[in-house]
Amino acid sequence: MGEINKLKILNDPIYGFITITNPLIYDLIQHPYFQRLRRISQMGMSYLVYPGAHHTRFHHALGCMHIMQKTIQVLKFKGTDISPEEETALNIAILLHDIGHGPFSHAMEHSIAEDVHHEAISLLFMDRLNEIFEGKLSLAIQIFKGEYHRHFMLQLISSQLDMDRMDYLKRDSFYSGVAEGNINSERLIQMFDVQNDMLVIEEKGIYSVEKFLVARRLMYWQAYLHKTSVAAELIMTKILKRAKELTQVGIVLPASEPLQFFMQNKVSLDDFNDDVLEKFSYLDDFDIISAVKSWQFNEDFVLRELSKMIINRDLLKIRMQAEKVDKTEVKALVKRYVEFSGLTEKEAEYFVFKGKIKNQAYNKTGEPIHILKKDRTIEDVVDASDQLNLKALSKPVTKYYLCFPKVLLEKAAF
């Protein structure tokens, strides 16, 4: 048998054909750590609102790599020198940028692992893969960490107009059917350039940037921070928290081995050695869903009722408002739910709680999106734009929420 052909073409509903351009990238995609992303949904619990939103992190990572390839071609065409080694490293860095995501995206970060963020786990996976592939990922890791001397390369991977955002807006808008999120990534890519080691957009691309920022804001409120998605993700977090709490006092719950491990142990970032990382790599959406399916019959009221909510999509009532939720209102609702259900106050707080969400389409204090003007000067997009709404888009918007069981609405008088 001859060498297996590793230069593959994949079909993508957004971009058409995506090409795998070298054997190392093929081998990384084939690795179980990366294949796991096929079992991690890109939009978490949003499928409970948008039934089409079942695409995966695997999809998204390949899409990011595709637009990175296109952007590199444009930059080289415009005279930016990018070596074959740098090109491969950029493709690897963007391909692996989300490899540390846990099941249902962010629900895991606040419940099973002790506030371990996916970016940190992504880096651990990259370091491990670098050992497996004998140092061939070193340059990609350097760029990813922002330690490489060419700053614009980090901007391609992580900035306010990076490959990650360009792919997820277009992809999430396509799969959810939220048309407002659709952006013209082709046009944006053609407008990229590099000046003084800085990623810039040519002035004639300014309207595409404005559209991108508006699309990002709309996607946040209509999809990512849609109140039902938020409620579902909060319930999922509470389920995992309760399951961990019960496990810690010796109650054995049905769950897969990797999930059992994370419920039995307090795992912080310092605990993530190779063994823990390996266990984490066996964890995906399927472990969580199958556990929640069996927990809906558990004798613990809290775990059972919360699990049923997710499985049957009969969620807590969530109310969003512009001003902070009054503590006394929360206390009164907890008290009423205690009377209704016979739970303790601590247990009732799994069903009645408040919090806040924040959305900022453009962060004026972060590194700006640079517009390259015709006279070769560079300006922040907010100052270069004649659109007043860009100033508004750079203001953070905070909304406050209150969650409580629907039964408290029906029994308002009890």
Exercise. Which is it for Lys346 and Glu349 under the salt bridge (charged side-chain N to carboxylate O under 4.0 Å, His left out) test, yes or no, and what are the steps along the way?
Worked result: CA-CA 5 Å; Lys346 193 167 171 296; Glu349 281 166 3; over 6 Å; no

Problem set entry | Residues Arg376, Glu203; criterion salt bridge (charged side-chain N to carboxylate O under 4.0 Å, His left out); working and verdict | CA-CA 10 Å; Arg376 310 308 282 168; Glu203 188 173 13; over 6 Å; no

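Using modelled atom types, one finds no donor on one side chain facing an acceptor on the other under 3.5 Å when comparing Ser208 with Asn184. Side-chain contact, His60 with Asp167: a donor N or O sits under 3.5 Å from an acceptor N or O. Asp164 and Ser158 are not linked by any side-chain donor-acceptor pair at a separation below 3.5 angstrom, with hydrogens and angles left out of the test. Side-chain atoms of Gln190 and Arg187 include no donor-acceptor pair closer than 3.5 Å. If you check the side chains of Tyr337 and Glu347, you find no donor sitting under 3.5 Å from an acceptor. In the model, Glu86 has a side-chain atom that pairs as donor or acceptor with a side-chain atom of Tyr148 under 3.5 Å.
A salt bridge is absent between Glu186 and Lys170; no separation between the charged side-chain nitrogens and carboxylate oxygens falls under 4.0 Å. Here Arg304 does not pair with Asp300 in a salt bridge; the nearest charged N to carboxylate O distance is not below 4.0 Å. The pair Asp314-Lys406 meets the salt-bridge criterion, since a charged nitrogen lies less than 4.0 angstrom from a carboxylate oxygen. Salt bridge status for Arg57 with Asp98: present, with a side-chain N to carboxylate O gap under 4.0 Å. Electrostatic pairing of Glu245 and Lys241 does not count as a salt bridge here, judged by no charged N lying under 4.0 Å from a carboxylate O. Between Glu339 and Arg336, none of the side-chain N atoms (NZ, or NE/NH1/NH2) sits under 4.0 Å from a carboxylate O, so this pair counts as no salt bridge. A salt bridge links Lys76 with Glu87: the closest approach of a Lys/Arg side-chain nitrogen to an acidic carboxylate oxygen falls below 4.0 angstrom.
Using modelled atom types, no side-chain atom of Thr377 and backbone atom of Lys373 make a donor-acceptor pair closer than 3.5 Å. The backbone N or O of Val49 sits nowhere less than 3.5 Å from a side-chain atom of Arg313 that would complete a donor-acceptor pair. Proximity of a side-chain donor or acceptor of Asp162 to a complementary backbone N or O of Leu156 within less than 3.5 Å is not detected.
Between Phe280 and Phe125, the ring planes are tilted. Angles from 30° to 60° get that label. Aromatic ring pairs are classed by plane angle as parallel below 30°, tilted from 30° to 60° and perpendicular above 60°; the pair Tyr175 and His55 is parallel.
Geometrically, Lys399 engages Trp221 in a cation-pi contact, judged by NZ or CZ lying under 6.0 Å from the ring centre and within 45° of the ring axis.
For residues 350-360, no residue pair satisfies the salt bridge (Lys or Arg N to Asp or Glu O under 4.0 Å) rule, not counting sequence neighbours.
Close placement of the Phe34 and Phe58 rings is indicated, their centers lying within 6.0 Å of each other. Ring pair His97/His118: centre-to-centre distance not below 6.0 Å.
Shown here for Gly135 and Ser138, the closest heavy-atom pair between the two residues is O-OG, 3.0 Å.
Residues passing the side-chain hydrogen bond (donor to acceptor under 3.5 Å, both in side chains) test with His370: none are found, sequence neighbours excluded.
For the pair Ile318 and Phe404, the minimum side-chain heavy-atom distance is 4.5 Å or more.
Separation of atoms CE (Met153) and CE (Met68) is listed at 9.0 Å; rounding is to 0.5 Å.
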